[in-house]
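Working notes, beginning with the structure itself.
Along the sequence shown, residues are numbered consecutively beginning with 1. Predicted model, so just to flag it, every value in this text is computed and none were measured.
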Amino acid sequence: MLITMKELLKVAYEQKFAVGSYNVSNSELLSAIIETAEEEKSPAILQIHPNELALIGNEFIAYAREAAHRARVPIVIHLDHGATLADIAQAIQNGYTSVMMDASHLPFEENIALTKQAVEIAHSVGISVEAELGTIGNNDGSSEGGADQILYTEPDEAREFVERTGCDTLAVAIGTSHGFYPKHMKPKIQLDRLEKINESVGIPLVLHGGSDNPDEDIRQSTQLGVAKINLSSDMKRAFFNQLRQTLQEKPHDFEPDVLMPEAREAAKAVLRKKMALFGSTGKAPLYKLSE
């Protein structure tokens, strides 16, 4: 069942678990996400970055909406890292049920102003809005962007930002990065900062850069206000590494029904593990879904 992010995360925030938000760039990954969510009785979020949308086209969203409507678990379709009001408007027209206005690279007042406009547009048609305060790092292997230097979210600024923009969820910078960390870098989430932010804002928080972080840090973050965790690199690496292996083992095959199933299963194995880690496994019955 397709629902809004506000509906989805209200339950997750109250029950102290997080819903995985998984980047979709083809039908195989979309199927893997929904199949695993149904098998694990977990809600899930299909998120599409503007870079991914440029690859798959607007028509893909109609396919995603139909798959979400047919799903036996709660599903959200989310715009990941929308950079402009035009991105927001296009996502709403395409049928997303949640959008992200990422103006985190702008000065504080400009971030507030642009995010507030996005909220006014989206809320007028019942669409949820995620905003970002602070900057997420960027590692190799990610096309989602990020900053060379992480600017951490300050709790007092977070409170003011949420009050003035009216955003439904807030992505916070507490030490994570997009992509995979270099071998010399040891990721460390600032849980004490997260706890203070949660106390300040009282709305569901979002953790970007959910791949390649210590499981215990991720698990603890769900107890401190994080209700949405973005995941892309771990899932895609499993899928495409297996696909490379299959292509080597079957160099003369070219039919998708021969080449793709093992890659899909590799992605599903990662998704299954992450849903359990985030605490969303078995939580779909908490939502009242229409028949």
Practice prompt. Calculate, to the nearest 0.5 Å, the distance between atoms CD and CG belonging to Glu216 and Leu277 respectively.
Written response: 9.0 Å
Worksheet item: Are the charged groups of Glu199 and Lys196 less than 4.0 angstrom apart, N to O?
Response: no
Item to complete: Compare all side-chain heavy atoms of Met1 with those of Tyr287 and state whether any distance is below 4.5 angstrom.
Response: no
Fill in: For Ala267 against Leu29, the heavy-atom pair lying closest together
CB-CD2, 4.4 Å
Discussion item. Hydrophobic clusters here meaning ILVMFWY residues chained together by side-chain heavy-atom distances under 4.5 Å, can you tell me if Val24 and Met100 are in one?
Written reply: no
Fill in: Point-to-point distance, once rounded to the nearest 0.5 Å, from CG of Asp80 to CG of Asn23
5.0 Å
Practice prompt. I would like to know whether Ser98 and Thr4 meet side chain to side chain contact (heavy atoms under 4.5 Å, CB included); could you show each step before the answer?
Written response: CA-CA 6 Å; Ser98 173; Thr4 69; over 6 Å; no
Discussion item. For residues Val99 and Leu46: do they belong to one hydrophobic cluster (side chain heavy atoms under 4.5 Å, members Ile, Leu, Val, Met, Phe, Trp, Tyr)?
Written reply: yes
Worksheet item: Checking Thr165 side chain against Ile112 main chain: does a donor-acceptor pair fall under 3.5 Å?
Response: no
Worksheet item: Is a side-chain donor or acceptor of Gln242 paired with a backbone partner of Arg264 at a separation under 3.5 angstrom?
Response: no
Worksheet item: Just checking, is any N or O donor in the side chain of Lys250 or Thr246 under 3.5 Å from an acceptor N or O on the other one?
Response: no
Discussion item. Hydrophobic cluster membership, with links at side-chain heavy-atom distances under 4.5 Å among I/L/V/M/F/W/Y: are Val73 and Tyr13 in one?
Written reply: no
Worksheet item: Is the closest side-chain heavy-atom distance between Gln117 and Met101 below 4.5 Å?
Response: no
Worksheet item: Can you find a pair of side-chain heavy atoms, one from Phe17 and one from Pro43, that are under 4.5 Å apart?
Response: yes
Worksheet item: With side chains defined as the heavy atoms from C-beta onward, is the minimum distance between Ser221 and Leu205 less than 4.5 Å?
Response: no
Practice prompt. Can you see which heavy atom on Ala103 is nearest to which on Thr115, and at what distance?
Written response: CB-OG1, 4.4 Å
Worksheet item: Any chain of hydrophobic side-chain contacts (each under 4.5 Å) joining Val129 to Val125?
Response: yes
Worksheet item: Between CG of Asn51 and NE2 of His81, what distance do you get to the nearest 0.5 Å?
Response: 10.0 Å
Worksheet item: Is it true that Glu154 and Arg193 make a salt bridge, defined as a side-chain N closer than 4.0 Å to a carboxylate O?
Response: yes
Discussion item. Quick check: do His49 and Ser232 have side-chain heavy atoms less than 4.5 Å from each other?
Written reply: no
Item to complete: Kindly determine whether Leu53 and Gln90 satisfy side chain to side chain contact (heavy atoms under 4.5 Å, CB included), including the steps that lead there.
Response: CA-CA 11 Å; Leu53 184 63; Gln90 182 183 42; 3.7 Å; yes
Discussion item. Is it the case that the side chain of Ser280 and the backbone of Val19 share a donor-acceptor pair, with hydrogens and angles ignored and the cut-off at 3.5 Å?
Written reply: no
Item to complete: Could you check Lys273 against Glu40 for salt bridge (Lys or Arg N to Asp or Glu O under 4.0 Å), going step by step and ending with a plain yes or no?
Response: CA-CA 10 Å; Lys273 177 183 176 183; Glu40 300 300 310; over 6 Å; no
Discussion item. If you compare all heavy atoms of Ala91 against all heavy atoms of Tyr96, which two are closest, and at what distance to 0.1 Å?
Written reply: O-CD1, 2.9 Å
Worksheet item: What is the distance from atom NE2 of His208 to atom CG of Asp102, rounded to the nearest 0.5 Å?
Response: 7.0 Å
Fill in: Any Leu30 side-chain heavy atom under 4.5 Å of Phe60 side chain
yes
Discussion item. When you compare the side chain of Thr169 with that of Ser128, does any pair of heavy atoms fall below 4.5 Å?
Written reply: no
Discussion item. Other residues, nucleotides and ligands only: do more than 12 of their heavy atoms fall within 6.0 Å of NZ on Lys6?
Written reply: no
Worksheet item: Under 6.0 Å from the NZ atom of Lys116, do we count more than 12 heavy atoms belonging to anything else shown?
Response: no
Worksheet item: With distance as the sole test, does Asn198 use its side chain to make a donor-acceptor pair with the main-chain N or O of Gln223 at under 3.5 Å?
Response: no
Worksheet item: Within the side chain of Ser31, is there an N or O that forms a donor-acceptor pair under 3.5 Å with the backbone of Glu28?
Response: no
Practice prompt. Kindly indicate, with the supporting measurements, whether the criterion side chain to side chain contact (heavy atoms under 4.5 Å, CB included) is fulfilled by Lys283 and Val11.
Written response: CA-CA 9 Å; Lys283 297 301 195 303; Val11 175; over 6 Å; no
Discussion item. If you apply the rule side chain to side chain contact (heavy atoms under 4.5 Å, CB included), what do you find for Leu207 with Leu194, and how did you get there?
Written reply: CA-CA 10 Å; Leu207 190 64; Leu194 176 62; over 6 Å; no
Discussion item. If I compare all heavy atoms of Ala227 with all of Leu9, which pair ends up nearest, and what's the gap?
Written reply: O-CD2, 3.2 Å
Worksheet item: What's the spacing between Lys268 NZ and Leu271 CG if we round to 0.5 Å?
Response: 9.0 Å
Fill in: Rounded distance (nearest 0.5 Å) linking atom CD1 of Ile197 with atom CG of Leu133
8.0 Å
Discussion item. Can a side-chain donor-acceptor contact be found between Asp168 and His123 if the only test is distance below 3.5 angstrom?
Written reply: yes
Worksheet item: Mind checking whether Ile88 and Leu79 have side chains closer than 4.5 Å, heavy atoms only?
Response: yes
Response to the item:
Heavy-atom nearest pair, Arg164 first then Phe108, reads NH1-CE2, 4.5 Å
Worksheet item: Is it true that Met275 and Val206 fall in one hydrophobic cluster, defined by side-chain heavy atoms closer than 4.5 Å?
Response: no
Item to complete: Count the heavy atoms of every other residue, nucleotide or ligand shown that sit under 6.0 Å from CZ of Arg70, and state whether that count exceeds 12.
Response: no
Practice prompt. Over all heavy atoms of both residues, which pair between Ser21 and Ile45 is shortest? Give the atoms and the distance, please.
Written response: OG-CG2, 3.1 Å
